[in-house]
Amino acid sequence: MRKQATFQDPMFHDEDRAREALEAELWPDGPICRHCGNSDPEKIAKVQGKSHRPGLYYCNECKGQFTVTVGTVLERSKIPLTKWWMAAHLFNQGKNGVSAHEIHRTLGVTYKTAWFMMHRLREAMNELIRTPMGGKGQIIQADETYYGNTSKRAKGYRKGLRHKHSIVALIEPKGRSRVFHVKRATAATVREILVTNAHRSSELHTDESNLYGQVGREFAAHKTVVHGWDKNYGQYVGKEGQTTNAVENFFGNFKRSMKGTYRFCSEQHLQRYLNEFQFRHNHRAGLGFNDGERTAKALKGIEGKRLTYR
Ligand SMILES: [Zn+2]
């Protein structure tokens, strides 16, 4: 296991070390041309000299030049890589995220820059590789929750769940999570999420909501838990051991953190925040990741993402 990162580590202070650390993360076997994919070390040369940007490479295959950030979500950012490392580190220290205000204060960047960095990092933390969850003998917990439109004093407040945003989450109790913002949680939207993300050979655990009844029959088994306190277990657990505790804990952490750290998130951005919480959950200490590894993984995700903020 990688040793825990601390703010004394060189990539937080020295731009060259920061770049080398990023290169090591993205190119463990040496540089890969950002334009043509060439990775032959004989055909890639470091461009030296004061008149060039540091970290510049020349590809003899396509005659192009590139750096480690070309074609990533960090491309064209004037922000030093040391600050990207710091922001990613702050983002991944606990499980609650970090406010733009704290990034702004700690990194000495403007609030606007902090906000921009956070959205880029959320983009990086968006997990695009989606192998099916669960499988034979595995359990998937599914549940939905409602978020937002809670302040009765806010302009436009409307009573009722249908005016809130719906979130559907799938969780392997001892493994990964996947979380979706949907316009409305219906049997159809929930089914679509389940069958496109989970092996139908899995066992499905949900509450007694009628959203899951029909799709539940497509799975190897479907067990429901009644929402009520079981004093024998000290938690919400059904007679056959079924529970939706893991997914409820995820929602609990998400809502508490949103309230405490982020205060407000518009519907437009909700999926980005969900991606952020999903990323931390999927790289949590319980799965063997420490803060330093989580930070490095977050930055590794700058590759292969569509640039949505140009
Ligand atoms: Zn090339």
Assess whether a salt bridge exists between [X] and [Y], defined as any Lys/Arg side-chain N lying under 4.0 Å from an Asp/Glu carboxylate O.
X: R178; Y: E127; answer: no
X: R120; Y: E123; answer: no
X: K43; Y: E61; answer: yes

Any side-chain heavy-atom pair of [X] and [Y] under 4.5 Å:
X: W85; Y: L22; result: yes
X: L211; Y: V168; result: no
X: V190; Y: L194; result: yes
X: I44; Y: F66; result: yes
X: Q65; Y: Y57; result: no

Please determine, by modelled atom types, if T113 and T110 share a side-chain donor-acceptor pair under 3.5 angstrom.
yes
Verify the ring-centre separation between Y273 and Y262: is it less than 6.0 angstrom?
yes
Using ring centroids (six-membered ring only for Trp), state whether H89 and F12 fall under 6.0 Å.
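Aromatic pair counts; centres sit under 6.0 Å.
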Inter-residue atom distance [X].[atom1] - [Y].[atom2], 0.5 Å rounding:
X: I140; Y: M133; atom1: CD1; atom2: CE; answer: 5.0 Å
X: Y111; Y: F116; atom1: OH; atom2: CZ; answer: 15.0 Å
X: L274; Y: H281; atom1: CG; atom2: NE2; answer: 13.0 Å
X: E192; Y: F180; atom1: CD; atom2: CZ; answer: 10.0 Å
X: I32; Y: E303; atom1: CD1; atom2: CD; answer: 7.0 Å

For R122 and E276, indicate whether the former's side chain and the latter's backbone hold a donor-acceptor pair under 3.5 Å.
no
For Q214, look at atom CD and say whether over 12 heavy atoms of other residues, nucleotides or ligands are found less than 6.0 Å away.
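No, CD of Q214 has 12 or fewer neighbouring heavy atoms, counting only those of other groups under 6.0 Å.
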What orientation do W115 and H119 show, parallel under 30°, tilted 30 to 60°, or perpendicular over 60°?
perpendicular
